[in-house]
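Reviewing the structure listed below.
Note that the structure is predicted; figures quoted are calculated from it, not measured. Sequence lines set the chain letters: A, B, ... in the order given, protein chains first and strands last, and positions in each chain run from 1. Scope of the values below: all heavy atoms of this structure, side chains included, with no hydrogens, waters or symmetry mates.
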Number of protein chains: 2
Amino acid sequence: MSIERSSCKECHQSHHCIAAKLSEAVRGNKVKDISRHEAIYVRGQRIFSQSACSSACYIVKSGSVKIVNVDAQGNERIIGFYLPGEVFGWEGVFRGSFPSTAIAMERSMVCKIPIEYLEQRASAKPDFIHSLLKLMSRELNNVEQLAIRLTRYTAEERIISFLLDLSQRYADRKLSALYFRLPMNRTDIANHLGLAVETVSRVLGRIQHDGDLTIRGRELKILNHSRLLSKISVAPNTEIRYISEENKTKVLELDPKCLSGTSF
Amino acid sequence: MSIERSSCKECHQSHHCIAAKLSEAVRGNKVKDISRHEAIYVRGQRIFSQSACSSACYIVKSGSVKIVNVDAQGNERIIGFYLPGEVFGWEGVFRGSFPSTAIAMERSMVCKIPIEYLEQRASAKPDFIHSLLKLMSRELNNVEQLAIRLTRYTAEERIISFLLDLSQRYADRKLSALYFRLPMNRTDIANHLGLAVETVSRVLGRIQHDGDLTIRGRELKILNHSRLLSKISVAPNTEIRYISEENKTKVLELDPKCLSGTSF
DNA sequence: CGGGTACTTGATTATCGTCAACAATCGTGG
DNA sequence: CCACGATTGTTGACGATAATCAAGTACCCG
């Protein structure tokens with residue numbers, strides 16, 4: 001039994017849901033008859049597979065999902081984790097096929113919306129185009145943040161920054177930001193952050209010993225949020241100052257064209 | 001003198017240009033009267049600044065541009081480099097302000113197109129929505145690739161993969177893939193790849209010594225492309241096999257719903 | 001030609017990965 | 001309810017890769 005005809009009204013994620021937004025934008029009423037496909041996946045099951053031809057985006061309704069990329073040598077890297085209410089799968093739009101695989105990390109309900117459908121409806125309601133672009137842009141922001149996290153951050157900084165990011169996302173969903181359960185195991189955290197499992201274990205142990213958090217298995221309690229925050233990126237590497245320097249010396253050479261009307 | 005009224009016809013980048021695509025899509029004719037703003041920037045000059053409120057995308061017409069993120073401690077990280085024909089600035093759409101700064105790496109001509117304009121025109125021609133989404137999705141693919149490059153890759157693998165990526169991008173622009181000039185200095189490469197300048201220098205020296213490429217200053221010549229390719233990611237770390245394993249054991253538990261109709 | 005930036009090379013150190021062994025937890029079935 | 005095996009997590013010893021510190025060379029631009 002496909003759940004396509006089920007109402008989105010009862011969906012706990014409707015306030016995050018792009019389909020709901022679309023429906024509201026198009027009709028001004030509450031969500032109904034969205035062309036979508038709902039399914040339940042068990043732990044370890046794929047939602048889509050790398051190089052599968054399709055383009056759709058997906059919304060996590062419950063559970064959690066990880067996006068994994070496998071390279072030519074078979075090495076896997078976890079690009080990201082998705083929590084209830086979050087949208088994933090935008091990376092498939094470019095080639096019309098997915099550059100990575102999506103895997104349910106626990107029993108999860110996922111809602112699938114084809115891109116073509118979004119595009120069609122978007123053209124009917126211009127405001128919605130902006131919502132679409134914003135959603136994708138948000139994803140771009142997130143991945144850039146990940147790239148930054150992986151560059152020059154030490155193991156401890158990566159882990160703290162990762163945990164604080166999770167915490168923030170739980171807070172965004174009106175859940176506790178200080179006490180939650182990690183949806184992934186240590187191996188996945190290590191893989192995602194480019195570290196060895198042992199390092200993750202050790203660093204978590206050290207942070208716990210410092211009294212900034214408690215972690216038992218996947219149960220996490222943040223005890224000293226501000227101190228954790230202050231620990232990430234305390235000038236780990238040489239501070240390079242291209243922006244200020246170069247601008248200082250070069251601003252005088254400004255081409256007149258650059259100054260002309262900012263409006264257009 | 002604003003160049004807004006200048007024709008896009010003479011632009012060498014029109015075949016890469018989103019504005020040109022838009023114009024064609026909307027009118028079926030060649031590029032004209034695109035609402036855009038062209039400007040020349042000197043080396044080190046900012047095209048947009050972190051947290052500046054604006055949302056537009058930009059096309060490199062000549063020269064090259066780097067996107068730099070500055071964190072709370074003042075540490076800078078280069079997110080990406082953009083070559084002629086490439087589009088940047090999508091990350092600003094999410095918040096309506098830029099999470100990073102764009103800096104010209106040499107005398108560069110850059111074309112600016114406001115997002116609102118793209119959105120308006122896109123609603124007039126539905127096909128163009130897809131082009132827009134594809135462009136952003138491509139950017140997402142690129143940044144994910146960067147994240148992968150930064151995770152678990154050794155210094156040598158990062159550098160080779162970075163150079164081969166550049167090479168490919170030059171090839172895409174009908175320029176030589178084997179002989180080109182790096183638009184950035186070693187410090188920028190190091191920053192971008194999360195390495196120390198000395199490491200970049202040493203690794204480049206080593207690769208050169210192996211006879212796979214020649215590099216003098218910024219002039220690069222790839223001598224053995226296939227061997228370089230084979231050097232990236234030769235199983236640097238333990239091969240983790242969640243996908244196959246978990247799927248093998250769990251596929252039997254498949255919820256019937258997951259198998260129902262792939263079409264919708 | 002001189003000054004500054006960019007790049008290279010060497011010596012030393014530290015972080016983190018690897019290998020190895022062990023402990024805790026979970027899920028399943030008797 | 002407990003026992004079992006399997007998965008997951010922890011801890012220690014050791015080594016390798018790359019960062020840091022330091023010095024020196026090449027290059028570019030005025």
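- The CD1 atom of A/Ile232 sits 7.5 Å away from the CD1 atom of A/Ile160 when rounded to the nearest 0.5 Å.
- Within 4.0 Å (heavy atoms only), A/Ala196 reaches at least one base atom of the nucleic acid.
- Nearest to the side-chain atoms of A/Thr199 among the listed nucleotides C/dG17, C/dT25, C/dA6 stands C/dG17.
- In this structure, CD of A/Glu156 is placed 15 Å from C1' of C/dA14, rounded to the nearest angstrom.
- The nucleotide whose nearest atom lies closest to any side-chain atom of B/Arg218 is, among C/dC7, D/dA18, D/dT20, C/dC7.
- One interatomic measurement links the two molecules: CZ of B/Arg43 to C1' of D/dC29, which rounds to 12 Å at whole-angstrom precision.
- Here A/Asp210 does not pair with A/Arg206 in a salt bridge; the nearest charged N to carboxylate O distance is not below 4.0 Å.
- A close approach under 4.0 Å does not occur between any side-chain nitrogen or oxygen of B/Ser201 and OP1 or OP2 of C/dC7.
- Which of C/dC16, D/dG9, C/dT25 sits closest to the side chain of A/Asn185 comes down to D/dG9.
- The CG atom of A/Leu195 sits 9.5 Å away from atom OG1 of B/Thr151, with the distance rounded to the nearest 0.5 Å.
- Rounded to an integer number of Å, the gap from A/Arg158 CZ to C/dT15 C1' is 11 Å.
- Whole-Å rounding puts the B/Ile189 CD1 to C/dT8 P distance at 10 Å.
- Aromatic ring pairs are classed by plane angle as parallel below 30°, tilted from 30° to 60° and perpendicular above 60°; the pair A/Tyr58 and A/Phe88 is parallel.
- If you take CZ of B/Arg186 and C1' of C/dT9, they are 14 Å apart, rounded to a whole angstrom.
- For the pair B/Lys66 and B/Phe81, the NZ or CZ position fails the cation-pi test of under 6.0 Å to the six-membered ring centre and within 45 degrees of the ring normal.
- Computed from coordinates, the B/Arg181 CZ to C/dA6 P distance equals 13 Å when rounded to whole Å.
- C/dG17 atom P lies 12 Å from atom CG of A/Asn191, rounded to whole Å.
- Nearest-nucleotide positions on DNA chain D place B/Arg206 closer to the 5' end than the other of B/Glu198 and B/Arg206.
- Comparing atom distances between the B/Arg202 side chain and each of D/dT8, C/dA6, C/dA11 picks out C/dA11 as nearest.
- Atom P of nucleotide C/dC16 and atom CG of A/Leu204 are separated by 13 Å, given to the nearest angstrom.
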